[in-house]
Amino acid sequence: MKKQKSTNESVFNNNNNNHFDYLSEEIVFAILDGLDENPIDNKSFSLVCKSFYAIESRHRKILRPLRSEHLTKVLNRYPNVTRLNLSLCPRITDTSLSIISTACNETLRSIDLSRSKFFSHLGLSNLVTNCSNLIEIDLSNATELRDSAAAAIAEAKNLEKLWLGRCKSITDIGIGCIAVGCRKLRLINLKWCLGVGDLGVGLIAVKCKEIRSLDLSYLPITKKCLSSILKLQYLEDLVLEGCFGIDDGSLAVLKQGCKSLETLDMSSCQNVSHVGLSSLTSGTGCLRQLILAYGSPVTLALADSLQKLSTLQSIKLDGCLVTCPGLKAIGNWCVSLRELSLSKCTGVTDKGLSSLVTKHKDLRKLDITCCRKITHVSIAHITNSCTLLTSLKMESCTLVPKEAFVLIGQRCHFLEELDLTDNEIDDEGLKSISRCFKLSSLKLGICLNMTDDGLIHIGMCCSKLIELDLYRSEGIKDTGIQAIARGCPGLEMINLAYCKDISDSSLLSLSKCWKLNALESRGCPLITSFGLAAIATGCKQLTKLDIKKCYTINLSYSSVTDVGLLSLASISCLQSMTILHLKGLTPKGLAAALLACGGLTKVKLQASFKSLLPPPLFEHLEARGCSFQWRDKLFQAELDDSRCWKLQLEDIRLL
Amino acid sequence: MLQANSEPIEGICAILNPLLSFDLGGGLEMDLKEKLSVDTWTKSSSSCHELPKKAPPDHQSFTNFNLQQYQQKWEDPSNQDYDMTIESQFPEFNQTSEAPSSVTCNPNNQTEIPDQQDVQMNEMCDSSRIQDWDPRAMLNNLSFLEQKIHQLQDLVHLVVSRRGQVVTRSDELVSQQQQLITADLTSIIVQLISTAGSLLPSVKQTLYTNPSITQFGQLGGVVFPSGPNLNGSAVQQNIGGRKVSDQSNHVDLAGSCKIEQNCIEDHESKDEEDADEGENLPPGSYEILQLEKEEILAPHTHFCMICGKGFKRDANLRMHMRGHGDEYKTPAALAKPHKESSSEPMLIKRYSCPYAGCKRNKDHKKFQPLKTILCVKNHYKRTHCDKSYTCSRCNTKKFSVIADLKTHEKHCGRDKWLCSCGTTFSRKDKLFGHIALFQGHTPAISLDETKASASGPSDLGEDNEATNKVEFTGLNFGSNVLNGFGGQNVLDIKGSVDDPASFFSPLSFDPCNLSGLHEFPRPPFEDSESSFSFLMSGLCNYPRKTGGDSGSNDLE
């Protein structure tokens with residue numbers, strides 16, 4: 001609407017002097033500041049007039065280019081870009097990096113290369129020397145990079161944040177270079193850098209005194225480097241997930257204290273028990289969050305060892321074996337927890353959970369996913385005492401009856417996130433839940449008892465909904481989706497997989513939700529290319545589209561219904577595409593679609609196409625950064641009935 | 001060769017025998033007095049007297065000089081070189097008391113090159129070591145003898161021919177010629193005796209009563225330790241021989257004391273620290289023993305009462321004793337002498353280093369005792385002795401304990417950890433310690449880094465082997481049991497973990513995770529497979545180095 005209005009005005013004003021020219025740059029900047037949310041708004045703003053175009057170019061600070069081919073042009077247009085997000089460009093070569101470094105040089109502060117490939121240490125070195133003000137570099141997933149690349153990064157003297165997750169080929173030597181070179185580092189993420197050990201991490205701790213956040217997940221480190229890490233004066237966030245070399249003995253150094261530590265993640269540290277954790281209490285002064293997922297059993301001893309943590313607000317015990325006395329002891333802690341996660345914990349009973357939640361009345365977030373033993377007793381206690389809950393995740397609490405969900409809607413009005421996947425909730429419950437007007441994320445997958453009537457209530461009341469999951473909720477039909485699409489314009493993600501009654505009219509209505517970026521509609525046999533075309537024209541931000549087993553979509557180029565194909569190609573930021581079991585798809589049409597989608601990174605295809613399409617095509621696409629996955633699965637008549645599917649699932653579970 | 005030469009040698013010996021008893025003593029005395037001023041034509045004899053002049057009196061350089069010679073011999077065992085070395089013994093003959101350290105010139109030392117442990121050690125060491133019979137050394141000796149005899153033959157020929165030509169000559173000249181011949185003969189005999197002695201230590205010999213011979217025997221005893229035995233099993237003479245060697249010991253020790261250096265090596269405490277680090281015995285709860293320097297430096301600790309041959313182990317001595325008669329063959333004599341104090345509570349024994357001022361010396365303020373005799377030996381050699389073993393590969397690293405050299409040579413030049421300042425380190429943790437210490441130093445990345453795979457595993461082979469074994473078994477348990485690293489506790493208890501990082505090498509870490517943790521992102525298939533195979537090979541081929549190598553190759 002804005003676009004139309006402004007273009008009209010500009011056309012109107014073109015005859016006379018352009019009134020917009022009289023607006024000072026500051027005022028236009030102030031207007032632009034309010035526009036940041038949606039790139040399309042910016043685009044239309046810049047189309048108003050020449051001066052707006054120029055001002056918008058100067059105003060733009062953050063850039064997320066779609067194609068690396070146009071980098072030169074784009075960067076010339078936006079000279080003041082400080083953040084460059086290249087996550088949509090799978091192919092970034094050394095040449096691209098040199099283009100960036102010459103275009104941006106001193107202004108660039110942050111660059112994200114986490115999804116890009118094909119660059120080497122030479123390009124990085126070029127980038128780092130020219131853009132000397134770089135503060136953030138994200139190099140996650142650069143599995144090919146070696147120590148030479150790390151040495152290149154070490155030249156970025158002003159670097160404060162560095163992500164190196166999954167850089168498996170970087171060793172202690174490279175990290176040593178970074179530690180010596182980047183003295184201002186505040187955050188470093190070394191998750192899954194398996195080549196890095198005690199020596200590299202220890203040197204980071206010795207040299208980079210400013211470190212606030214340290215992610216050392218899955219590193220082969222031992223207590224040797226832990227003592228120097230804990231001497232870091234400003235360390236707030238420490239992640240030691242899956243560090244098997246850390247045991248109770250290593251944690252003894254905690255007693256000497258790390259007063260600044262606020263968050264500690266020790267998930268999957270199998271060698272840590274309550275003995276080691278007890279040293280936490282004496283050492284840490286302001287610990288707020290403690291994550292002990294997949295660790296030692298939550299017993300009385302463990303709960304008691306953590307009792308004295310006076311500032312604790314959040315604890316995550318996912319996947320632990322939990323005992324009733326342990327939960328009771330947590331209930332008796334002097335602190336009032338804000339966040340508690342017992343996801344996938346075995347041994348959570350009504351008794352234990354009830355005694356816990358009645359004490360911690362301030363709980364904001366509660367995760368009781370897969371606590372299969374709890375019944376309406378727990379829900380009653382939760383809703384009774386924790387009325388401030390903003391997030392409740394209770395996927396697969398199968399013993400909770402449908403009446404219990406009415407309680408949730410009645411008492412917890414502040415809920416923003418609600419996960420009711422695989423539960424017995426019915427329309428009454430949904431109606432009650434629709435009172436939670438702040439709801440932004442609602443997951444109703446595999447809820448077989450609800451119908452459109454319930455969903456219409458949600459659509460009418462929860463206008464802030466962003467994410468809706470209706471996976472295999474087969475009671476849902478077009479009317480429900482239409483109500484949602486009408487009532488929740490901000491919807492970004494929707495999952496309609498296996499809702500077999502969904503047809504094109506749902507997609508038509510969803511195409512009005514212009515923020516939609518993920519649409520899963522696999523196994524919806526009624527969807528055709530017509531609906532898809534509507535989505536493609538309406539939802540320009542779509543990045544994820546799953547149309548598996550939508551049998552009637554025709555992607556054939558020569559066929560009459562080539563709308564689907566053309567519209568697919570027009571979604572320029574489409575990254576992942578799964579095209580399986582589509583009837584009537586010809587190689588020619590597929591090739592055209594693949595070539596048209598320049599930003600593709602992942603394509604799943606039927607293996608038979610491999611021989612039908614020319615090899616140079618694949619080479620070309622792979623060089624663009626697209627990876628192919630070939631599926632040789634024969635088409636199977638699936639169980640159409642979701643109830644049967646669920647029963648089958650439960651059989652598997654029991655095994 | 002041996003057979004071919006034996007005949008002429010015997011023959012010459014037979015000829016020379018009368019000469020020996022007749023002239024030898026006088027000849028030597030002459031040598032001592034005159035230092036041989038004349039006669040350029042007697043090449044072999046003269047050269048032996050020139051040497052001491054060239055050789056600087058200072059002990060250090062002398063040993064260096066010797067080392068050089070050894071190296072030459074290593075490379076090219078030609079007669080020329082050989083000659084030089086041999087001749088250098090002569091000064092020592094005459095000057096045992098003046099330059100005791102020159103013992104190292106002892107020609108027999110060349111038999112020891114592979115394990116020449118104590119170049120600057122006293123005679124005692126040499127004397128006992130010599131008796132480790134080495135056929136190659138014997139061959140060298142024999143060829144030397146052959147050459148010597150040929151030279152002598154030439155000399156005598158010359159004398160004979162001159163006699164024919166010149167009728168009138170001064171007596172002086174004649175006597176000088178005689179002296180020269182005698183000196184050569186002496187050396188031949190000494191060599192012969194020592195050669196035979198190394199082969200037949202228990203052969204009964206006839207007695208020589210000639211005083212000059214006795215003296216010779218004594219001198220020989222100094223230089224060629226087997227001399228006394230050969231010269232006579234007569235106890236008296238043996239004692240005499242030992243006396244001399246004892247004297248020289250004293251002198252030598254005095255000398256070595258002067259040149260002792262307080263060099264502290266970084267790996268000084270490889271075993272000794274392992275052994276007693278963390279042990280906190282209250283002072284007084286143990287008995288402090290202090291060995292003397294010569295005891296420490298002696299290569300042998302067990303000596304035959306009859307022939308004086310030394311052994312490192314008492315079991316070897318008992319085996320040797322069997323050769324001395326049937327009385328030593330009884331089961332009682334062969335049995336291991338059990339410790340007498342087994343019944344009463346044993347007082348813990350700890351050792352003190354004899355070097356005053358050393359932390360391991362009992363008079364030091366913060367005295368830390370050494371646990372075993374072996375610790376004492378290694379500590380003393382490493383800390384208070386010259387590092388005389390140079391690595392042949394890098395020619396920079398020096399060691400005083402041969403085992404250290406061998407350990408070093410195993411991975412010398414293989415994994416160089418390089419700092420930007422140019423300093424190289426053999427161990428990664430040392431490099432990182434260095435970098436942590438200095439501002440602005442960074443780890444340098446090798447040029448072939450792009451080609452080589454992750455260099456992480458190369459630091460595996462650094463620890464002593466025992467530790468490695470523990471680590472590996474522990475690690476493997478850990479990965480199987482899903483309990484993570486169950487073996488780690490074992491390690492901690494043992495306290496032998498020199499470098500705990502290595503038990504956690506990136507390579508071996510991979511499979512562990514795969515089995516232990518489901519969320520772990522599965523690396524590409526061949527990758528995980530290779531790391532498994534590495535693990536297996538590391539277990540099977542016990543010397544871990546090979547395992548490590550193959551592993552790193554696989555990774556590429």
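The basis for the numbers below is simple: all heavy atoms, side chains too, and nothing from hydrogens, waters or symmetry mates. Letters A, B, ... mirror the listed sequences (proteins, then strands); counts begin at 1.
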Item to check | side-chain contact (heavy atoms from CB on, under 4.5 Å) partner of Pro443(B), chosen from Asp147(A), Ile175(A), Ile173(A), Thr171(A) | outcome: Ile173(A)
Next on the checklist: Checking Lys393(A) now: which residues fulfil salt bridge (Lys or Arg N to Asp or Glu O under 4.0 Å) with it, not counting sequence neighbours?
Outcome noted: Glu417(A)
Item to check | Under the salt bridge (Lys or Arg N to Asp or Glu O under 4.0 Å) test, residues paired with Lys117(A) that sit two or more places apart | outcome: none
Item to check | His441(B) vs Val180(A) side-chain heavy atoms within contact, under 4.5 Å | outcome: no
Checklist entry - More than 12 heavy atoms of other residues, nucleotides or ligands under 6.0 Å from NZ of Lys359(B): is that the case? => result no
Next on the checklist: Please report the interatomic distance NZ(Lys207(A)) to CD1(Ile435(B)), rounded to the nearest 0.5 Å.
Outcome noted: 8.0 Å
Item to check | Leading residue by heavy atom contact count with chain B [cutoff under 4.5 Å; candidates Gly181(A), Ser120(A), Ala150(A), Gly176(A)] | outcome: Gly176(A)
Item to check | Within-4.5 Å side-chain heavy-atom neighbours: Leu431(B) and Leu199(A) | outcome: no
Item to check | Heavy atoms from other residues, nucleotides or ligands near CD of Glu622(A) exceed 12 (cutoff 6.0 Å) | outcome: yes
